[in-house]
Structures are given as structure tokens and as C-alpha cells.
Enquirer: 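First, the structure itself, so that you have it in front of you.
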Amino acid sequence: MLRLASILYTLIATALAGSGVIAVLSAGLVSTVAIVSAAAAGCVAALPVSWFVAKKLYQNAA
């Protein structure tokens with residue numbers, strides 16, 4: 001399951017980090033710190049999300 005979660009992480013982290021950066025830029029915060037913080041927050045938030053999705057996929061497959 002760890003292998004599936006790590007593959008899902010690459011996709012989910014990209015989506016969440018990109019969404020965070022777009023939200024920050026839409027709010028008018030154009031500083032480097034704000035953009036990098038939003039991207040980092042998306043990457044950190046993707047950890048439990050990818051684990052949860054992998055867990056659900058394994059439960060449905062069984």
C-alpha cells in the first residue's frame with residue numbers, strides 16, 4: 001500500500017500545491033514567502049490525503 005500511496009502522492013501533492021499557489025496569487029499575495037508557503041502547505045496536506053485514497057482503493061479492491 002505504501003507504493004500506491006507514494007505514486008498517488010506525486011499526483012495529489014502537485015494538485016494541492018498548485019491550487020494553494022493559485023489561491024495565494026488570487027488573493028493578491030505575490031511575495032515569495034507566501035507562494036512557497038502555500039506550495040509547502042499543499043505538499044504537507046497531500047500526505048494524509050494520499051494515504052487515505054490508497055487505503056480506500058485497497059479496501060474496494062478486496
Side-chain angles (χ1 to χ4, degrees):
M1 186 165 89
L2 182 61
R3 208 155 105 186
L4 177 61
S6 64
I7 292 170
L8 288 171
Y9 177 78
T10 60
L11 301 170
I12 294 171
T14 305
L16 290 180
S19 298
V21 169
I22 289 172
V24 165
L25 291 174
S26 297
L29 304 171
V30 292
S31 68
T32 305
V33 175
I35 294 169
V36 171
S37 297
C43 289
V44 170
L47 285 169
V49 172
S50 62
W51 188 262
F52 177 75
V53 170
K55 190 175 177 183
K56 287 293 184 182
L57 285 173
Y58 263 102
Q59 287 176 352
N60 287 341

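All values below come from the heavy atoms of this structure, side chains included, with hydrogens, waters and symmetry mates left out. One is the number of the first residue; the rest follow in order along the sequence. Computed from a predicted model, the values in this text were never measured in an experiment.
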Enquirer: Kindly compute the distance separating CG (L47) from CZ (F52), expressed to the nearest 0.5 Å.
Expert: 15.5 Å
Enquirer: Only distances under 3.5 Å count here; give the side-chain donor-acceptor pairs of residues 6-14 to other protein atoms, sequence neighbours excluded, each with its distance to 0.1 Å.
Expert:
from, atom 1, to, atom 2, distance (Å)
S6, OG, L2, O, 3.3
S6, OG, R3, O, 2.8
Y9, OH, C43, O, 3.1
T10, OG1, I7, O, 2.6
T14, OG1, T10, O, 2.7

Enquirer: Hey, what else clusters with I22 if you join Ile, Leu, Val, Met, Phe, Trp, Tyr whenever side-chain heavy atoms sit under 4.5 Å?
Expert: none
Enquirer: Using a 3.5 Å cut-off and no angle test, enumerate the donor-acceptor pairs between side-chain atoms of residues 30-40 and protein atoms at least two apart in sequence or in another chain.
Expert:
from, atom 1, to, atom 2, distance (Å)
S31, OG, A34, N, 3.3
S37, OG, V33, O, 2.7

Enquirer: Looking only at heavy atoms, what is the nearest atom pair of M1 and Y58, with distance?
Expert: CA-CE1, 3.2 Å
